[in-house]
Amino acid sequence: MQQASLLSAMSGLEPRARAVRSGPARDLWWLAAVAVVFTACLLYSALATPGLGWDEAVYVSQVDPHRPAAFFSAPRARGVSFLLAPAAALTTSAPVLHCYLAMLSGAGLLLSLCVWRRLLPAPVPALGGALFAGLWVTLFYGPQAMPNLWVAYAALAATGCFLRAVRKPSRQLAPRAGRGAAVGMAAAVALAALMRPTDAVWLVVPLFAAALCVPTWRRPAVLLGLVAGLALGCAEWVAEAYLSYGGLLARLRQAARIQGGLGWHLSFDDHARALQGKTLCRPCQLAWDHPVVAVWWFVLPLTVIGAVWAALRARDSGGALLGYGPVWPPARRDDRHPLGLAPVTPAGLRGPTVPADGSGSAEALYRCRPAWAGVRLRDSAGPVHRYGPAPLVMAALAGLCLAAPYLLTVDYAAPRFLLPAYALLLMPAAWFLYWLTRLPRRGHAWTVAALVLVLLGHEAVQLVIVHKMVRSTARAQTGIGRIAGMLRAAGVRPPCVVSGEEAVRVAYQVGCASRQPYGHDAGITPAALARLGAHRPAAVLVRTGDRPPAYARGWRRVPLRRVPGLEPLSVYVSPPTQP
């Protein structure tokens with residue numbers, strides 16, 4: 001009798017064991033599929049974009065051996081230029097650089113999602129990655145030389161490595177794995193700091209605070225890894241502050257001034273309106289003609305709150321969701337850790353005690369099942385609540401910290417600023433959607449079908465927006481190329497300097513230096529620019545109908561043909577310039 005019960009228990013565990021063994025490979029295939037489709041979409045955008053944007057021209061010019069470097073303002077960091085250096089050493093063709101970045105973006109998405117494979121159920125990282133990769137902001141900036149998407153990858157990887165590093169070791173998890181995760185966390189933080197130092201600070205703050213507040217997470221390797229990664233990534237930016245900007249505080253003040261002055265500015269509505277397809281909303285006077293494109297933006301915080309609530313509630317009721325997967329013990333009141341973030345490890349629930357590593361006889365495991373463990377779910381994809389609420393809470397906390405400075409202190413909106421927050425917040429959002437599909441109910445197939453249709457509709461809207469954005473960008477960059485050809489015909493050739501409207505992009509196309517005597521990127525005085533124009537070709541681009549600046553009043557005016565996608569422009573060229 002005892003032998004029969006043991007055999008039946010073992011036979012009941014065999015499908016679960018087979019699912020666990022096949023789960024990692026299946027999970028990796030899903031992640032790879034998401035990355036491949038994402039890369040294919042980026043390559044399409046890369047090939048359809050003939051030139052470089054304004055910010056892209058600044059970053060590429062820093063490592064272009066054939067063109068003068070554009071003015072590098074205080075808020076910028078050189079991480080993107082370092083990323084472009086290997087390809088720029090061979091060619092500075094815009095489509096080639098964009099394809100290079102598209103391939104790197106696909107690889108970055110795959111690597112950052114792989115960190116979360118063992119932290120959440122198998123389908124969740126793939127679903128969260130697909131939702132993030134399907135946003136028009138991600139698709140638009142994926143092949144571009146911009147830092148925000150790389151900060152998003154780094155934030156996602158750093159948070160995942162942090163959760164792995166603070167996990168309690170077991171027989172299956174050697175202490176060496178925790179140290180390796182700490183090294184990965186430090187490297188990801190360093191990458192974020194190399195791209196955008198201020199974003200890296202907002203990423204480290206919640207991770208460091210959680211490591212201090214949760215006693216079982218208070219590990220020297222984790223704390224030192226966060227500090228070392230931040231210091232290593234910010235070292236170049238801080239050194240450049242003292243060499244070129246008069247010190248760290250002076251650079252921070254100048255960066256704040258360029259961003260319009262940091263203060264208490266609520267820009268929630270600006271960011272929501274910018275989702276209609278605006279890369280920069282400054283000042284944000286855009287009419288809200290298509291509010292449907294921002295529905296997901298308002299649903300996202302609700303799903304994150306629902307995920308954290310469901311995870312914490314499941315932990316209080318025994319740790320497992322509806323008997324799905326292994327059962328975790330209910331936390332006693334005197335064992336709870338601050339923020340409810342301590343990772344949960346198996347220790348048995350009722351009856352005999354199960355060893356912490358999950359080992360033991362099948363009969364003991366069978367006896368330890370809860371009374372409601374016989375609830376049958378629809379498959380054996382893995383535990384919904386493997387490590388307690390920690391992965392969901394930390395992703396939500398880090399995402400909110402990364403979004404807070406742009407939503408609360410900056411008085412304008414650029415959708416790319418929130419990419420790191422989206423990458424993190426979409427993990428608990430994906431978990432919540434997956435959790436909804438696991439709830440036993442009648443008409444489950446109809447519920448799943450409705451959810452799939454909603455997600456497909458959301459993705460269709462995102463694809464329409466990104467298609468419009470790519471077409472508009474390609475049209476504008478083609479116009480910049482035509483203006484550059486007109487300037488060459490007017491005699492503006494290297495060595496030369498260009499100032500005024502669209503100076504950065506036009507100067508990069510012509511091969512000139514771009515210098516602005518006014519505005520945020522002021523890097524030369526009007527008198528110095530006038531003296532420069534007396535010895536080499538110089539050009540000032542102004543809107544048609546506007547008066548030229550005082551130092552160019554005596555320069556020759558050359559009308560430019562109007563090009564689609566840009567405002568009508570005129571150019572004033574210095575006396576040495578011969579057509």
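For the numbers below, each heavy atom of this structure counts, side chains included, while hydrogens, waters and symmetry mates do not. A quick note: this is a predicted structure, and the numbers were derived from the prediction, not measured.
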| task | Before giving the answer on side-chain contact (heavy atoms from CB on, under 4.5 Å), spell out for Leu194 and Trp150 the whole-Å C-alpha distance, their side-chain angles and the decisive distance to 0.1 Å. | result | CA-CA 10 Å; Leu194 197 61; Trp150 298 99; over 6 Å; no

What I'd like to find out is whether the side chain of [X] reaches to under 4.5 Å of the side chain of [Y], using heavy atoms alone.
{"X": "Val464", "Y": "Trp136", "answer": "no"}
{"X": "Gln462", "Y": "Thr138", "answer": "no"}
{"X": "Trp296", "Y": "Leu131", "answer": "no"}
{"X": "Leu407", "Y": "Leu418", "answer": "yes"}
{"X": "His458", "Y": "Leu135", "answer": "yes"}
{"X": "Cys99", "Y": "Leu43", "answer": "yes"}
{"X": "Leu451", "Y": "Leu436", "answer": "no"}
{"X": "Leu266", "Y": "Leu408", "answer": "yes"}

| Qualifying side chain to side chain donor-acceptor pair (under 3.5 Å) pairs, either residue in residues 185-205, two or more places apart |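 Listed by first then second residue: Arg196-Asp199, Arg196-Tyr406, Asp199-Tyr406.
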
Taking all atoms of both residues into account, what is the closest heavy-atom pair of [X] and [Y], and its distance?
{"X": "Tyr153", "Y": "Ser105", "value": "OH-O, 3.0 Å"}
{"X": "Leu425", "Y": "Ala395", "value": "CD2-O, 4.2 Å"}
{"X": "Gln477", "Y": "Leu52", "value": "NE2-C, 3.5 Å"}
{"X": "Val115", "Y": "Arg164", "value": "O-NE, 2.8 Å"}
{"X": "Leu119", "Y": "Gly160", "value": "CD1-O, 3.5 Å"}
{"X": "Pro206", "Y": "Leu203", "value": "CD-O, 3.3 Å"}

| said: Would Leu149 and Gln144 count as a side-chain contact (heavy atoms from CB on, under 4.5 Å) here? Give the steps. | reply: CA-CA 9 Å; Leu149 183 60; Gln144 294 192 19; over 6 Å; no

Please report the interatomic distance [atom1]([X]) to [atom2]([Y]), rounded to the nearest 0.5 Å.
{"X": "Arg273", "Y": "Asp289", "atom1": "CZ", "atom2": "CG", "value": "10.5 Å"}
{"X": "Leu104", "Y": "Thr39", "atom1": "CG", "atom2": "OG1", "value": "10.0 Å"}
{"X": "Thr279", "Y": "Tyr141", "atom1": "OG1", "atom2": "OH", "value": "4.5 Å"}
{"X": "Asp270", "Y": "Tyr412", "atom1": "CG", "atom2": "OH", "value": "11.5 Å"}
{"X": "Thr49", "Y": "Leu97", "atom1": "OG1", "atom2": "CG", "value": "12.0 Å"}
{"X": "Glu56", "Y": "Leu101", "atom1": "CD", "atom2": "CG", "value": "8.0 Å"}

| query | Taking the six-membered ring for Trp, are Trp431 and Tyr434 ring centroids under 6.0 Å apart? | reply |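 No; Tyr434 has its ring centre 6.0 Å or more from that of Trp431.
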
| said: Walk me through whether Gln276 and Trp288 qualify under side-chain contact (heavy atoms from CB on, under 4.5 Å). | reply: CA-CA 8 Å; Gln276 297 176 109; Trp288 205 350; 3.7 Å; yes

Can you tell me if [X] uses its side chain to pair, donor with acceptor, with the backbone of [Y] under 3.5 Å?
{"X": "Trp116", "Y": "Leu156", "answer": "yes"}
{"X": "Ser81", "Y": "Tyr59", "answer": "yes"}
{"X": "Ser472", "Y": "Met469", "answer": "no"}
{"X": "Trp237", "Y": "Arg76", "answer": "yes"}

| task | If the plane angle is over 60° it's perpendicular, under 30° parallel, otherwise tilted; pick one for His271 and Trp297. | result |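 Parallel, since the angle between the ring planes stays under 30°.
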
| For Tyr44, does the OH atom have more than 12 heavy-atom neighbours from other residues, nucleotides or ligands under 6.0 Å away? |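 Atom OH in Tyr44 is not crowded, with 12 or fewer foreign heavy atoms closer than 6.0 Å.
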
| message | Atom CZ of residue position Arg471 - does it have more than 12 heavy atoms of other residues, nucleotides or ligands inside 6.0 Å? | response | no

| query | Can you check side-chain contact (heavy atoms from CB on, under 4.5 Å) on Leu223 and Val227, steps first, answer last? | reply | CA-CA 6 Å; Leu223 297 173; Val227 175; 5.8 Å; no

